[in-house]
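Below, all heavy atoms of this structure are taken into account, side chains as well, without hydrogens, waters or symmetry copies. Numbering starts at 1 and runs along the sequence shown.
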Amino acid sequence: MKFISLSKLAEESVSHNPEIRKKVILRAGELPHLTNFSQARFAPGQTSPAHAHQDMWEVFFVESGSGVISINAREYPLFLGDCAVVEPGEVHEIRNNSDLELVLTYFGLKTSQ
C-alpha cells in the first residue's frame, strides 16, 4: 500500500518548460508501465512546447482552468473535466491561453516496445 498527499509533495520543473511547476505523485518504476503520475500548473500564457514521446502514451485531465492542446498540429480546447489522450509518436503542445491558472493531472504509460 502506498499513500501520497499532494499537499506534502515538493514542486519541481516540467522538463519541457522549467517555468511550469509540477508535483510528481508517482515516478517511473513505482508501478508497472507507469512513466509518471503528476499534476502541473500552467500560469496564464505558459506553454509546454511541441514534442513527442515514441515510447509512451500520455493522458491529461483538466482539474481547473482552460487552455489548448495541439496534437499533430490540430488544436483542441481544454476545459474543466476534459481528458486528452496522446498516442506514442504524436506531436503535442499544451498552452494556457486564458487569464487563469490551468491545472492538469496527467500520467504516462510505456508502450510494450
With sequence neighbours excluded, what pairs up with Glu90 under the side-chain hydrogen bond (donor to acceptor under 3.5 Å, both in side chains) test? none
Residues in side-chain hydrogen bond (donor to acceptor under 3.5 Å, both in side chains) contact with Ser5, at least two apart in sequence or another chain: Ser7
Rounding to 0.5 Å, atoms CG (Leu109) and NE2 (His33) come to a distance of 8.5 Å
Partners meeting salt bridge (charged side-chain N to carboxylate O under 4.0 Å, His left out) with Glu30 (sequence neighbours left out): Lys2
Hey, is CD on Glu12 packed in by over 12 heavy atoms from elsewhere, all under 6.0 Å? yes
Partners of Leu80 by side chain to side chain contact (heavy atoms under 4.5 Å, CB included), sequence neighbours excluded? none
By side chain to side chain contact (heavy atoms under 4.5 Å, CB included), which residues pair with Leu100, not counting sequence neighbours? Ser98
So, for Ile69 and Ala84, which heavy atoms are closest and what is the spacing to 0.1 Å? CD1-CB, 4.2 Å
Nearest 0.5 angstrom please: Gln39 CD to Leu6 CG, how far? 5.0 Å
If I compare all heavy atoms of Val59 with all of Cys83, which pair ends up nearest, and what's the gap? CG1-SG, 3.6 Å
Closest non-hydrogen atom pair between Met56 and Thr35, with its separation: CE-OG1, 3.5 Å
State plainly whether one hydrophobic cluster holds both Leu102 and Val86, where clusters connect Ile, Leu, Val, Met, Phe, Trp and Tyr through side-chain heavy atoms under 4.5 angstrom apart. yes
Do you know the tightest heavy-atom contact between Asn17 and Pro49? CB-CD, 4.2 Å
Taking the hydrophobic residues Ile, Leu, Val, Met, Phe, Trp and Tyr, and joining any pair whose side-chain heavy atoms are under 4.5 Å apart, which ones share a cluster with Val103? none
Would you call His92 and His53 a side-chain contact if the rule is heavy atoms closer than 4.5 Å? yes
Residues which pass side chain to side chain contact (heavy atoms under 4.5 Å, CB included) with Arg95, listed by chain and number, not counting sequence neighbours: Thr47, Val68, Glu75, Glu93
Between Asn72 and Val91, is there a donor-acceptor pair closer than 3.5 Å when you use the side chain of the first and the backbone of the second? yes
How long is the gap from CD1 on Ile4 to CG on Leu9, to the nearest 0.5 Å? 7.5 Å
For His16, what residues pass the side-chain hydrogen bond (donor to acceptor under 3.5 Å, both in side chains) criterion, not counting sequence neighbours? His51
Sequence neighbours left out, what passes side chain to side chain contact (heavy atoms under 4.5 Å, CB included) with Val14? Give chain and number order. Ile20, Lys22, Ala40
Side-chain heavy atoms under 4.5 angstrom apart, residues restricted to Ile, Leu, Val, Met, Phe, Trp, Tyr: same cluster for Ile25 and Trp57? yes
Ignoring hydrogens, what is the shortest heavy-atom contact between Pro77 and Asp82? Give both atom names and the distance. O-OD2, 3.7 Å
Is there any ring-ring contact (aromatic ring centres under 6.0 Å, His included) pair reaching into residues 60-82, and which pairs are they, with sequence neighbours excluded? Phe60-Tyr106
My understanding is that only residues two or more places apart in sequence, or in another chain, count here; which of them pass side-chain hydrogen bond (donor to acceptor under 3.5 Å, both in side chains) with Glu87? none
Where Pro18 and Ser13 come nearest, the two heavy atoms and their spacing: O-OG, 3.0 Å
Asn97 side, atom CG; Ser66 side, atom OG - distance, nearest 0.5 Å: 6.0 Å
Hey, could you give me each pair passing salt bridge (charged side-chain N to carboxylate O under 4.0 Å, His left out) that has a residue in residues 59-68? Not counting sequence neighbours. none
